[in-house]
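Dropping a structure here in structure tokens format, bear with me for questions.
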Number of protein chains: 2
Amino acid sequence: MALRHAVLAALLDEELSGYQLTKAFAAGVANFWHAKPQQVYAELARLERDGLVAGREVVQEGRPDKRLFRVTGKGLGELEGFASTAAKPAFLREDLLVQVQAADRLDAAVLIERLTERYAFAEAKAALFEERLRRMRGGLDEAEFLLRGARVGPYLTCRRGRDFERANRDWCRDVMEVLRARQAAAEEA
Amino acid sequence: MALRHAVLAALLDEELSGYQLTKAFAAGVANFWHAKPQQVYAELARLERDGLVAGREVVQEGRPDKRLFRVTGKGLGELEGFASTAAKPAFLREDLLVQVQAADRLDAAVLIERLTERYAFAEAKAALFEERLRRMRGGLDEAEFLLRGARVGPYLTCRRGRDFERANRDWCRDVMEVLRARQAAAEEA
DNA sequence: CGTTACATGTAATATGTTACATGATTCC
DNA sequence: GGAATCATGTAACATATTACATGTAACG
């Protein structure tokens with residue numbers, strides 16, 4: 001039940017609405033966890049029912065009203081309990097890896113299309129993370145920020161996200177290089 | 001439905017039993033996908049029902065009989081179809097990231113325990129992948145193997161697995177360094 | 001004689017995804 | 001006038017995890 005804790009962690013620094021949370025957990029933005037809007041709303045409802053977050057109505061003009069949520073004392077306790085238990089390591093579960101695993105029996109040109117797409121996606125996402133890091137640092141250089149900044153947690157997770165996508169990008173590039181070289185070698189023979 | 005394709009990809013090079021597949025997809029070994037034994041057996045049953053794999057009974061002495069599976073022509077077609085569709089990019093979904101996201105509100109000592117565990121796990125898994133890569137290369141150096149070796153697919157996915165765990169290890173190390181430096185800085189003040 | 005490996009599942013529960021639903025407002 | 005953003009869900013379906021079940025044989 002880690003989405004539960006991911007939502008709590010996201011709400012630690014600031015009050016957010018369900019909608020803002022769905023944005024934070026959406027495909028392009030989430031630096032440390034991912035979830036669909038429906039899941040976020042459902043989890044928020046459960047968290048409120050269990051008293052781990054508290055919502056407060058905010059009336060707005062010109063746009064629909066919304067509810068802002070914050071973590072309760074009980075919610076913080078829940079997070080502390082979560083942090084004190086061993087974390088399950090994650091596995092890579094990427095469609096593209098399955099496709100490359102079968103590379104020797106598939107058409108290289110088709111795979112190169114997939115790799116090109118993933119390369120572009122990884123590059124874009126890494127750039128997005130890099131930008132967010134820059135904003136979090138503000139004027140400080142990284143070492144200074146990490147030593148004295150408030151809230152380094154989100155920074156550290158965002159950095160992992162950036163490096164993950166950089167690694168994806170580099171891997172795509174290397175695989176494409178290999179596939180192309182093998183095509184060329186096969187043509188010569 | 002990517003487990004389906006992961007199983008097909010795993011069976012491309014060699015006939016395997018359900019049990020061998022469960023080993024390949026188990027926590028410590030899978031380089032490109034992960035699944036529990038129950039899932040693997042269920043998926044094999046479906047694949048056989050749909051004619052994408054064919055099983056053959058092998059009678060054994062001294063241990064239970066088993067069934068070896070191979071991919072059918074239809075199965076290869078299914079994989080080709082899969083490779084021709086855009087792959088969904090994966091997200092990081094790691095408990096430890098959630099815990100570090102909340103780092104500023106949690107006890108650093110507790111987090112360092114989690115990071116130490118994950119560091120050791122990542123190191124061990126990276127070493128395991130490295131060993132498998134070495135075996136796949138045989139006597140050849142990497143560039144030579146990638147250019148002329150048969151079956152580079154599994155090699156390339158295994159390399160991604162190794163680099164993923166190396167990145168996890170390095171991130172754990174960096175985060176611990178930051179947390180320790182901040183503890184020291186806080187004590188001084 | 002207890003543990004690990006071999007070998008294969010069923011059943012219940014939890015989690016995640018897809019499709020559908022509603023309605024106002026702002027931007028182009 | 002149509003698309004995108006704000007705002008919040010329900011319902012159906014697919015996938016993954018956990019618990020349970022069974023039996024042989026090799027290893028120490």
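Small disclaimer: the values here were computed from a predicted structure and weren't measured. Chain A is the first sequence line, chain B the second, and so forth, proteins listed ahead of strands; every chain is numbered from 1.
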- Nearest-Å distance, CG (B/L16) to P (C/dA7)?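 One finds 12 Å between P of C/dA7 and CG of B/L16, rounded.
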- Item | Listed nucleotide nearest any side-chain atom of B/P64, set C/dT18, D/dT24, C/dG16 |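 Selected nucleotide: D/dT24.
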- Message: Can you work out whether A/A2 or A/R63 has the more 5'-proximal nearest nucleotide on DNA chain C?
- Response: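 Here A/A2 is the residue nearer the 5' end.
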- Is B/K88 near enough to C/dT18 that one of its side-chain N or O atoms lies under 4.0 angstrom from OP1 or OP2?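 Affirmative; the distance criterion is met.
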- Message: Among D/dG23, C/dG9, D/dT8, which nucleotide has an atom closest to any side-chain atom of B/Q38?
- Response: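 Output: C/dG9.
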- Message: Distance check needed: D/dA7 C1' versus A/E57 CD, whole Å only.
- Response: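 Rounded to whole Å, this separation is 11 Å.
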- What is the minimum heavy-atom distance between A/L44 and A/L11, and which atoms define it?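 Answer, listing the atom of A/L44 first, then A/L11: CD2-CD1, 4.4 Å.
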- Query: When the distance from CG of A/D95 to P of D/dT15 is rounded to whole Å, what number comes out?
  - Reply: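 The distance from CG of A/D95 to P of D/dT15 comes to 12 Å, rounded to the nearest Å.
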- Salt-bridge present (A/E130, A/R166; N to O < 4.0 Å):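 Yes, A/E130 and A/R166 are salt-bridged.
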- Query: Atom NZ of A/K36 and atom C1' of D/dA12: how far apart are they, to the nearest Å?
  - Reply: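 My rounded result for the distance is 15 Å.
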- Query: Taking CZ from B/R4 and P from D/dA14, how many angstroms apart are they, rounded to a whole number?
  - Reply: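 My rounded result for the distance is 12 Å.
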- Message: If the threshold is 4.0 Å, N to carboxylate O, is there a salt bridge linking A/R135 and A/E131?
- Response: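 Looking at A/E131 together with A/R135, the answer is yes, because their closest N to O distance falls below 4.0 Å.
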- Item | Nearest-Å distance for atom pair CH2/P, residues B/W33 and D/dT17 |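 Roughly 11 Å, once rounded to whole Å.
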- Task: Please determine if A/R148 and A/E144 form a salt bridge, counting it only when a charged side-chain N lies under 4.0 Å from a carboxylate O.
- Result: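 Yes, charged N to carboxylate O under 4.0 Å.
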- Measure from the side-chain heavy atoms of A/R93 and tell me the nearest of C/dT8, D/dA16, D/dA7.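 Between C/dT8, D/dA16, D/dA7, the one nearest the side chain of A/R93 would be D/dA16.
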- Item | Nucleotide nearest B/Q60 when distance is taken to its side chain, options C/dA7, C/dG23, D/dT8 |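 Taking heavy atoms from C-beta onward, the closest nucleotide is C/dA7.
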- Rounded distance in Å - OH (B/Y19) to C1' (D/dA26):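 After rounding, the reported distance stands at 12 Å.
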- Item | Among D/dA7, D/dT18, C/dT17, the one nearest A/K66 by side-chain distance |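 For A/K66, the side-chain atoms sit closest to D/dA7.
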- Query: What nucleotide among C/dG16, C/dT8, D/dT8 has an atom nearest to a side-chain atom of A/Q39?
  - Reply: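 Within the option list, the nearest is C/dG16.
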- B/N168-A/R160 side chain donor-acceptor pair, cut-off 3.5 Å: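 Their side chains do contain a donor-acceptor pair, which is all the 3.5 Å distance test asks for.
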- Message: Using whole Å, what does the distance between atom P of nucleotide D/dA16 and atom CE of B/M1 come to?
- Response: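 Computing the B/M1:CE to D/dA16:P distance gives 10 Å.
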